[in-house]
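As structure tokens, the structure follows; a few thoughts come after it.
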Amino acid sequence: MIERPPNHRNTKNSRPKPASAEEIRRIVGDVDDRVIRAIMETGATAAQVLEAALWFRGGGPEDEAGHEPHGVVKAVYDILDAEEPAEPDA
């Protein structure tokens, strides 16, 4: 049996797993399979998908403190935003 040094991290088990299609649907609701695939291709975790969905439902990419999503969360936000139908001109 091989013993790992005490400071060795098992990165295979410590890395969060990407969200499944079922998790994504549960978080973002009823969306086209193409959207699910696009989100899955980002490698986002369920927590990142949830964060992006919360940003999206909040009406924009900036929170009250002026922070914007970035990285994978921003990528998922952009996918969701692209699916939002444009509002008709008033």
Side-chain angles (χ1 to χ4, degrees):
M1 181 170 153
I2 300 173
E3 291 187 21
R4 289 183 168 77
N7 61 353
H8 176 79
R9 288 182 24 186
N10 186 347
T11 56
K12 181 178 178 183
N13 292 330
S14 64
R15 179 176 272 183
K17 69 177 184 148
S20 68
E22 181 180 323
E23 289 171 318
I24 294 169
R25 277 196 202 285
R26 201 171 27 237
I27 294 166
V28 302
D30 187 28
V31 294
D32 190 87
D33 288 344
R34 161 180 64 76
V35 175
I36 299 296
R37 281 192 302 274
I39 292 172
M40 290 179 76
E41 287 173 4
T42 69
T45 65
Q48 290 168 321
V49 174
L50 177 59
E51 184 177 348
L54 292 172
W55 280 92
F56 180 72
R57 290 180 188 136
E62 198 171 283
D63 68 7
E64 298 84 28
H67 301 116
E68 293 188 14
H70 61 280
V72 175
V73 174
K74 173 76 166 114
V76 174
Y77 173 89
D78 289 343
I79 293 166
L80 295 174
D81 190 47
E83 288 304 305
E84 182 73 8
E87 293 185 21
D89 293 336

Residues in side-chain contact (heavy atoms from CB on, under 4.5 Å) contact with Ala47, at least two apart in sequence or another chain: Thr45
CD1 on Ile24 to CD on Gln48, rounded to 0.5 Å: 11.0 Å
Closest non-hydrogen atom pair, Ala46 against Ala19: N-CB, 3.6 Å
Glu51: side-chain contact (heavy atoms from CB on, under 4.5 Å) partners, not counting sequence neighbours: Trp55, Val73
Heavy-atom pair with the smallest gap, counting every atom of Ala53 and Leu80: CA-CD1, 3.9 Å
Distance-minimising heavy-atom pair for Ala44 and Val49: CB-CG2, 3.8 Å
Set of residues satisfying side-chain contact (heavy atoms from CB on, under 4.5 Å) with respect to Leu50, sequence neighbours excluded: Ile27, Leu54
Residue list, side chain to side chain donor-acceptor pair (under 3.5 Å) with Thr42, at least two apart or on another chain: none
Minimal non-hydrogen separation, Ile36 against Ala21, with atom names: CG2-CB, 3.6 Å
Qualifying side-chain hydrogen bond (donor to acceptor under 3.5 Å, both in side chains) pairs with a residue from residues 31-40, counting only residues at least two apart or across chains: Arg25-Asp33, Arg34-Glu83
CD-CD1 distance between Glu23 and Ile39, expressed to the nearest 0.5 angstrom: 12.0 Å
